[in-house]
Amino acid sequence: MSNPASPVSTSADAHLDPDLAQLRRLAAAYGVGTTFTGWNGKPQQVAPGTLVKVLAALGVPASSPELVDGSLADAELEPWRRMLPPAVVVTAGKEALVPVHVPDGTPVKLRIVAEDGREHTARQRDVSVEPREVDGVLTGRATFALPRDLPLGWHTLHAEIEGAAAQTALIVVPDRLATTGMLEQRRGWGLAAQLYSVRSSRSWGIGDFGDLADLAALSAERGADYVLVNPLHAAEPAPPLQPSPYSPSTRRFFNPLYLRIEAIDELAYLEPKQREQVEKLAAKAQRLNRSAGLLDRDQVYALKLEALELLHQAERSPAREQAYRAFVRDSGSGLEDFALWCALREETPADDPSWRDPAAAPDTAAAQAKRRKLAKKIGFHMWLQWLCDEQLEAAQRAAKLSGMRLGVVHDLAVGADLSSADAWMLRGVLAPGVSVGAPPDMYNQLGQDWSQPPWHPKRLAEAGYVPFRNMLRTVLRHAGGVRVDHILGLFRLWWVPEGNLPIDGAYVTYDHEAMIGILALEAQRAGAVVIGEDLGTFEPWVRDYLAERGILGTSILWFENDGGAPLPPEKYRMQCLASVNTHDLPPTAGYLSGEHVALRDGLGLLQQSAAEELAGHRKSVSAVLEVARERGLLPDGEATEQQQIEALHLLLAQTPSVLLGVALVDGTGDRRVQNQPGTTAEQYPNWQVPLADSAGQPVLLEDLEGDPRFNGLLAAVENALRQSDAPGRR
């Protein structure tokens with residue numbers, strides 16, 4: 001199933017000013033939406049000026065009626081100007097036709113070179129297409145059918161005529177991701193945690209990869225199948241650090257902030273004086289573990305970097321050196337480019353104009369000179385990524401050995417900052433002059449601008465989707481699953497032109513068949529499940545499409561409604577991860593009391609009075625609790641906060657959803673919001689709140705072992721799921 005193609009013209013354009021109607025036709029031809037549905041359910045028009053700016057970001061001139069007419073003509077001729085499409089993504093086992101454009105009447109051959117080196121031949125079909133004149137050349141279209149038995153993978157199409165040739169990427173993807181099959185046989189549950197907030201007595205003031213392994217083992221012992229963590233993407237190479245894990249410097253590599261220093265082999269071989277220095281740094285950092293105040297990433301990372309600089313000087317054993325070199329080789333040029341960015345970023349501010357200067361791009365002579373000058377620093381940052389890879393592998397291994405079926409489930413952010421490594425390294429496949437955001441919704445009625453450059457749909461295809469693939473491979477390398485934040489962005493993204501307010505943007509569509517197919521291919525190869533965060537505004541067919549491709553959706557208890565009433569558990573989707581809350585809402589204890597309403601009111605994020613908002617909130621909460629009470633999950637009369645939280649999770653256990661999520665904060669009684677969407681650091685300390693109990697006191701990993709509230713919630717969920725899986729109960 002796929003969405004209907006965007007029309008080049010619509011009957012609704014008939015009453016418009018001719019120039020505006022033509023502009024809207026051009027926008028539709030390039031996948032730019034001219035309308036959108038507002039948070040109140042009413043259609044909204046995209047301003048003409050916004051359409052012009054968005055089209056400009058796509059490389060389409062539209063600032064005058066003459067340019068619009070010319071761009072419309074180019075849109076029609078563009079496919080005919082290419083011998084082969086920018087990239088071809090096909091589904092395994094299904095017939096696929098490929099158009100090849102050559103001078104009319106010229107014989108052409110199409111062959112396939114598979115990634116294993118084997119060659120396959122495509123057969124030309126007798127499909128009649130009228131030739132047309134393209135830039136003074138009468139051009140014809142030959143249609144080829146690809147073999148149905150092509151293996152999954154990354155192949156190359158070669159078209160050849162006398163005196164000319166062309167090639168393009170051919171990607172064969174699975175019809176359906178098969179990894180969720182085991183969950184349909186036996187449902188699973190797991191913890192969702194913000195890793196930075198989950199500290200232990202061994203942490204350096206921030207939760208780390210060692211803590212991740214221990215949290216996995218601790219929860220696996222209680223029946224969990226996975227631990228879902230916040231994005232672990234790399235941030236800045238040195239303090240100050242961006243607190244938000246959803247605003248990384250790159251989505252391909254990881255954040256050394258999470259390294260467990262004591263797990264690095266070379267520590268044992270430091271000179272005594274250097275070893276003593278590392279121990280002093282550790283003691284200083286570990287004093288932060290019991291602080292109830294905000295997390296201090298900058299201080300922690302400064303201490304860790306000092307220790308890591310010392311460790312980097314230690315000589316590696318031959319086996320360790322060989323492993324490091326293999327990692328560098330397998331990571332390719334992307335790792336060296338990122339390490340170069342890190343070295344440059346340490347001495348060049350984010351707002352320096354050189355970052356946007358084409359003469360300073362990674363592949364220029366200027367960059368090559370910098371590589372030679374900064375070789376030692378570049379080596380240090382590549383080494384840090386190798387350590388991250390090692391420790392993530394150890395965490396996943398610990399999770400699986402503890403009995404988890406999935407293990408670590410990573411979170412993939414929507415994008416990276418405008419001043420990020422990705423923006424510098426991948427500028428050729430990113431759209432300039434725009435950033436990703438979201439139109440207004442009921443929870444943020446002013447809209448959002450995430451300050452992240454989006455993929456350029458055409459340029460990404462012309463790159464054979466390799467940057468997208470490389471990112472997925474790194475994230476999935478040591479993972480049992482990946483949660484794709486705002487997976488709707490693989491269908492369309494809200495582009496906000498530079499200088500516009502978030503409300504004044506437009507949706508731009510992507511080739512979702514290609515993007516979802518590649519996601520499924522890489523997940524299948526990694527043996528991982530994919531969970532799509534499919535909340536927000538979307539077209540009804542999207543969820544069905546994702547389910548057909550084997551991609552799990554996301555259901556949040558508070559958002560699931562049936563005609564204004566809470567959705568009965570039996571009506572939930574099977575192919576989804578169901579949970580009570582999400583990181584963009586308060587922990588359940590805080591949500592039940594409506595603390596977020598007061599917070600949003602104080603921040604000026606409401607468009608109605610706090611009293612009206614709170615009244616509506618209490619009504620919706622009471623309705624959900626009443627469903628739990630009717631099903632015998634709550635006692636008649638007053639129920640404690642802990643009883644209510646457990647009852648809400650037991651209610652979700654009655655759904656057919658193959659995965660259940662339990663927020664770690666709900667196991668400790670934490671009340672504070674981790675993230676309030678639409679706010680800045682000056683307004684609210686997003687992503688800086690440590691794990692705490694109901695009184696706001698810090699909770700360490702060691703405290704969880706004997707915590708009755710934590711153990712009670714996890715035992716209730718595990719027992720409920722196993723009872724529902726018993727013969728005759730499903």
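FYI, side chains are in, hydrogens and waters are out, and symmetry mates aren't considered; it's all heavy atoms of this structure.
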Is it the case that the side chains of [Y] and [X] hold a donor-acceptor pair, with the cut-off being a distance below 3.5 Å and no angle test?
X: Asp411; Y: Asn230; value: no
X: Glu613; Y: Gln608; value: yes
X: Ser555; Y: Glu560; value: yes
X: Thr640; Y: Gln642; value: no
X: Thr50; Y: Asp504; value: yes
X: Thr679; Y: Gln676; value: no
X: Glu539; Y: Tyr545; value: no

Measure across [X] and [Y] and return the closest heavy-atom pair with its distance rounded to 0.1 Å.
X: Arg199; Y: Gly205; value: CD-O, 3.4 Å
X: Val597; Y: Leu606; value: O-CD1, 4.1 Å
X: Val46; Y: Gly505; value: CG1-O, 3.7 Å
X: Ala62; Y: Leu55; value: CB-CD1, 3.8 Å
X: Ala578; Y: Leu652; value: C-CD1, 4.0 Å
X: Leu519; Y: Phe468; value: N-CE2, 4.4 Å

In Å, rounded to the nearest 0.5 Å, how long is the span from [atom1] of [X] to [atom2] of [Y]?
X: Asp211; Y: Ser200; atom1: CG; atom2: OG; answer: 3.5 Å
X: Thr34; Y: Arg24; atom1: OG1; atom2: CZ; answer: 4.0 Å
X: Ser197; Y: Ile206; atom1: OG; atom2: CD1; answer: 9.0 Å
X: Trp494; Y: Ser435; atom1: CH2; atom2: OG; answer: 12.0 Å
X: Thr554; Y: His486; atom1: OG1; atom2: NE2; answer: 12.5 Å
X: Leu418; Y: Ser451; atom1: CG; atom2: OG; answer: 5.5 Å

Side chains of [X] and [Y] in contact at under 4.5 Å (non-hydrogen atoms):
X: Ser244; Y: Asn686; answer: no
X: Ser419; Y: Trp355; answer: no
X: Ile487; Y: Ile516; answer: yes
X: Leu633; Y: Leu651; answer: yes
X: Ile531; Y: Leu228; answer: no
X: Cys576; Y: Ser657; answer: yes
X: Glu570; Y: Thr655; answer: no
X: Asp449; Y: Val436; answer: no

Quick check against the 3.5 Å criterion: does [X] have a side-chain atom that pairs as donor or acceptor with the backbone of [Y]?
X: Asp208; Y: Ser203; answer: no
X: Asn561; Y: Gly563; answer: no
X: Glu236; Y: Gln242; answer: yes
X: Asp693; Y: Gln697; answer: yes
X: Asn255; Y: Tyr258; answer: no
X: Glu533; Y: Asp485; answer: no
X: Arg251; Y: Val414; answer: yes
X: Asp670; Y: Ala692; answer: yes

Do the side chains of [X] and [Y] get close enough for a salt bridge, i.e. N-O under 4.0 angstrom?
X: Arg573; Y: Asp544; answer: no
X: Asp422; Y: Arg252; answer: no
X: Glu612; Y: Arg618; answer: no
X: Arg672; Y: Glu595; answer: no
X: Glu548; Y: Arg543; answer: no

Is it true that, when you exclude Glu638 itself, more than 12 heavy atoms of the residues, nucleotides or ligands shown sit nearer than 6.0 Å to its CD?
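Check fails, neighbour count at 12 or below.
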side-chain contact (heavy atoms from CB on, under 4.5 Å) for Val542 and Asp534? Distances and angles first, verdict last.
CA-CA 9 Å; Val542 169; Asp534 54 356; 5.7 Å; no
For the aromatic rings, using the six-membered ring if either is Trp, is the centroid distance between [X] and [Y] under 6.0 Å?
X: Trp558; Y: His596; result: no
X: Tyr591; Y: His617; result: yes
X: Tyr246; Y: Trp687; result: yes

Where do Glu626 and Arg631 land on the salt bridge (charged side-chain N to carboxylate O under 4.0 Å, His left out) test, with the steps shown first?
CA-CA 9 Å; Glu626 186 57 33; Arg631 291 171 181 249; over 6 Å; no
Could you go through the side-chain contact (heavy atoms from CB on, under 4.5 Å) check for Asp703 and Phe710 one step at a time?
CA-CA 10 Å; Asp703 302 329; Phe710 172 78; over 6 Å; no
Determine, step by step, whether Val621 and Leu592 satisfy the side-chain contact (heavy atoms from CB on, under 4.5 Å) criterion, reporting the C-alpha distance in whole Å, the side-chain angles of both residues, the deciding distance to 0.1 Å, and the verdict.
CA-CA 7 Å; Val621 167; Leu592 288 170; 3.7 Å; yes
Parallel, tilted or perpendicular: rings of His410 and Phe254 (30°, 60°)
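Phe254 and His410: tilted rings.
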Is the NZ or CZ atom of Arg492 positioned over Tyr510's six-membered ring, under 6.0 angstrom from the centre and within 45° of the axis?
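Cation-pi check for Arg492 and Tyr510: fails.
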In sequence, state the C-alpha distance, the side-chain angles, and the governing distance for Val434 and Glu498, and then conclude on side-chain contact (heavy atoms from CB on, under 4.5 Å).
CA-CA 5 Å; Val434 291; Glu498 199 172 278; over 6 Å; no
